[in-house]
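First comes the structure, then the notes that go with it.
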2 protein chains.
Amino acid sequence: MSELQRRPTLMDVAEAAGVSRALVSIVMRGAPGAAESTRQKVLQAANDLGYRADSRARLLRSSRTKLLGLSFSTAQPFHAEIVDAAYAEASAKGYEITLSAVANGRPEARAIETLLDVGAEALIVIAPTLGVEDLALHARSVPVVSLLRDDVGQAVDSVSSDDQAGIAMAVDHLVSLGHRRIVHVDGGTAVSSENRREAYRAEMIRRGLTPWVVPGGPGEEDGMDAGRILQADLPTAVIAFNDRSALGIMESFKAAGISIPANVSVIGYDDSHFAKLSYVQLTSVSQDAPLLAAAAVGRAVDRIEGAKSPGSVVRTPHLVIRKTTARAPEGNSDT
Amino acid sequence: MSELQRRPTLMDVAEAAGVSRALVSIVMRGAPGAAESTRQKVLQAANDLGYRADSRARLLRSSRTKLLGLSFSTAQPFHAEIVDAAYAEASAKGYEITLSAVANGRPEARAIETLLDVGAEALIVIAPTLGVEDLALHARSVPVVSLLRDDVGQAVDSVSSDDQAGIAMAVDHLVSLGHRRIVHVDGGTAVSSENRREAYRAEMIRRGLTPWVVPGGPGEEDGMDAGRILQADLPTAVIAFNDRSALGIMESFKAAGISIPANVSVIGYDDSHFAKLSYVQLTSVSQDAPLLAAAAVGRAVDRIEGAKSPGSVVRTPHLVIRKTTARAPEGNSDT
DNA sequence: TAGTCGAACTAGAACGATCTAGATGAACAT
DNA sequence: ATGTTCATCTAGATCGTTCTAGTTCGACTA
């Protein structure tokens with residue numbers, strides 16, 4: 001068949017249009033300094049040859065790469081939502097996103113190095129697992145924005161969701177429905193699990209209620225396990241670490257003939273795809289991925305364009321009330 | 001605080017070590033041609049300075065970039081599984097993966113161009129939506145491998161899963177359990193929906209059974225809708241387009257008091273995370289993401305390293321039998 | 001002793017863009 | 001006629017690598 005052909009360069013276009021390379025560069029970038037007539041001629045030639053600028057050369061030469069490095073994990077569906085939104089926000093601000101995934105045999109450190117190597121002007125790391133030291137190290141050469149985690153030291157920016165407020169909303173909602181026996185199934189070792197657990201404890205105590213934490217994890221199976229434990233001594237409401245855990249909890253309840261929300265109310269966290277399903281209709285705390293992504297991109301761009309000192313942006317989540325929460329059942333209002 | 005510092009270059013390392021740039025380049029690449037003693041000296045200097053090669057410059061200069069471009073969609077969890085596996089396979093073969101996502105306002109064409117611009121030596125596109133013409137156009141400059149779609153013309157490679165075989169396995173399994181009234185809820189306009197639908201038709205006819213297709217789609221809600229339709233005239237078994245659709249179908253059955261697998265058997269497709277959940281235990285056709293990814297990467301590398309003509313690899317899926325399929329209920333074996 | 005060889009190393013030209021500084025020439029003022 | 005200005009265009013340096021074609025020098029051969 002046809003053999004692979006070399007891609008055209010600036011030089012090729014310049015020759016075809018009968019001008020210098022520099023002028024072609026000017027036209028392709030849309031920079032001022034070219035007569036309209038020649039501009040057209042050059043664009044025509046470029047189009048005929050199917051010319052596209054080689055980003056390696058472009059990025060190498062220009063000090064500004066206009067590239068934002070984004071590291072995410074393939075294992076987290078929520079990250080995909082953020083990636084999606086980040087693309088939109090970045091291109092609105094005139095930046096490109098370059099991705100690097102944390103995958104099975106590919107640690108976060110590797111993902112970050114890759115981003116740096118291609119010339120990213122800033123790093124956005126979703127739920128970084130790196131230590132504060134390592135993050136600070138990278139922050140010496142490029143602005144670093146931590147997304148979904150805020151205990152990242154002085155050197156790096158953070159954009160996170162206010163877990164304290166999110167949990168408070170959940171508790172508040174339940175209390176206003178008359179619940180007092182409210183349990184929290186935590187996220188085990190997952191990122192933000194501790195934050196939410198402590199927020200729950202504080203909030204319960206603040207209201208004169210006794211905190212009651214059951215160990216869990218970020219997956220459906222973890223929720224299942226916790227649900228089975230709870231069946232022995234049923235609370236009137238459960239606040240799960242996330243939606244997937246909530247799903248597991250609900251499944252285990254359903255299997256035991258416990259009905260939701262008649263017998264027990266359940267609240268999830270993330271307002272994910274699952275929560276919205278018509279047969280789930282899970283009341284959930286929404287962190288709003290698009291908003292978080294926009295804030296992270298905004299922060300990164302600000303830092304690139306001059307803002308000196310890192311700061312932390314905290315977005316307040318909101319509660320999406322659906323069908324898994326209702327008034328507390330009667331005769332169960334003891335402490 | 002400390003201001004952003006320029007990253008060290010080959011030149012810096014060369015000066016620090018008291019050798020030429022070329023020598024440092026040799027050492028950093030692990031190429032032969034440097035005495036062990038100087039090699040150590042250079043590595044030491046590089047380490048002290050925190051030197052990392054700038055991949056833009058490296059890729060620009062070397063004809064071989066050893067880069068595989070991978071385009072995926074943020075909306076498909078299954079793609080994430082493939083990305084994960086592709087990383088592992090690529091690095092085993094000495095290649096790097098560069099990602100580009102198809103996201104909300106970011107069409108596939110854009111994702112592909114980005115990959116080309118950074119110098120990918122081959123393109124792996126997961127479930128391409130581009131026309132055969134456009135794919136062929138790109139294939140003129142670089143090998144293109146289509147993953148999960150096989151009607152892509154002569155110019156591009158394809159790695160796909162044998163839908164025909166997968167559906168046949170599903171039908172076979174059900175027939176062996178005594179089912180005759182087997183319905184297929186299709187995937188609507190989704191990729192491979194048509195393949196599976198036609199495979200189902202052919203397979204049913206081949207066995208002297210009458211095909212029965214209900215329109216559906218790739219999501220849970222689509223399954224729900226189809227499930228509701230089916231309740232009026234219940235089949236003994238359902239083959240869903242994918243796991244998510246199967247989940248929706250099962251939910252709608254459960255809500256109507258129809259029990260699975262006692263009254264109806266259900267088979268999904270993808271053997272996703274959901275199918276494996278302990279409270280789902282969905283019998284499902286597995287396409288085996290790691291195997292598909294490995295085949296695609298292998299194909300891409302083969303083409304890069306000399307294989308002239310594109311070909312298509314078809315992997316045979318396998319059926320994972322769990323708890324949603326059982327013997328057909330008695331007295332329901334009419335046509 | 002001179003010649004050959006190979007290992008270790010280096011200078012300088014790529015790669016394909018952008019950027020700086022300057023050339024060119026038409027239009028206008030003096 | 002001369003100088004000034006401005007828009008338009010270009011030559012050549014540059015980004016940080018890799019690659020090509022040497023050079024250098026000690027060891028070995030004849």
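In what follows, every chain begins at residue 1, and chains take the letters A, B, ... in the order their sequences are listed. In this text the structure is predicted, and so the values were computed from the model without any measurement.
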[N] [atom2] sits how many Å from [X] [atom1], rounded?
X	N	atom1	atom2	result
B/Glu15	C/dA11	CD	P	12 Å
A/Arg64	C/dA17	CZ	C1'	17 Å
A/Leu67	D/dC15	CG	C1'	16 Å
A/Arg61	C/dT18	CZ	P	10 Å
B/Lys66	D/dT17	NZ	C1'	18 Å
B/Arg56	D/dT14	CZ	P	18 Å
B/Leu59	D/dT18	CG	C1'	11 Å
B/Leu10	C/dA13	CG	P	18 Å

Below 4.0 angstrom, N of the basic side chain to O of the carboxylate: do [X] and [Y] qualify?
X	Y	answer
A/Lys66	A/Glu121	no
B/Arg7	B/Asp12	no
B/Arg110	A/Glu96	yes
A/Asp162	A/Arg315	no

Picking from D/dT18, D/dT17, D/dC15, the nucleotide nearest the side-chain atoms of B/Ala57 would be D/dT17
Separation between CG of B/Leu43 and OH of B/Tyr51, rounded to the nearest 0.5 Å
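Reported value, rounded in 0.5 Å steps: 11.5 Å.
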Please assess B/Thr114 against B/Arg106 for the test side-chain contact (heavy atoms from CB on, under 4.5 Å), listing each intermediate value before the final yes or no.
CA-CA 11 Å; B/Thr114 306; B/Arg106 196 168 190 268; 3.2 Å; yes
Heavy atoms only, 4.0 Å cut-off, all strands: where does B/Thr9 land among base, sugar-phosphate and nothing?
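Sugar-phosphate: the residue B/Thr9, judged by heavy atoms under 4.0 Å, touches backbone atoms but no base.
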Do any N or O atoms of the protein come closer than 3.5 Å to N or O atoms of nucleotides 7-10 of chain C, and which pairs are they?
| residue | atom | partner | partner atom | Å |
| --- | --- | --- | --- | --- |
| C/dC9 | OP1 | B/Thr38 | OG1 | 3.4 |
| C/dC9 | OP2 | B/Ala35 | N | 2.9 |
| C/dC9 | OP2 | B/Thr38 | OG1 | 2.7 |
| C/dT10 | OP2 | B/Ser20 | N | 2.8 |
| C/dT10 | OP2 | B/Ser20 | OG | 2.8 |

Determine the sole option in B/Leu70, B/Leu99, B/Val297, B/Ile82 for which the side-chain contact (heavy atoms from CB on, under 4.5 Å) test with B/Tyr87 is passed.
B/Leu99
I want to check one thing: is the phosphate of C/dT18, taken as OP1 and OP2, less than 4.0 Å away from some side-chain N or O of A/Arg58?
yes
Looking at B/Arg29, does any N or O in its side chain come under 4.0 Å of the phosphate oxygens OP1/OP2 on D/dC19?
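For D/dC19, OP1/OP2 do have a side-chain N/O of B/Arg29 under 4.0 Å.
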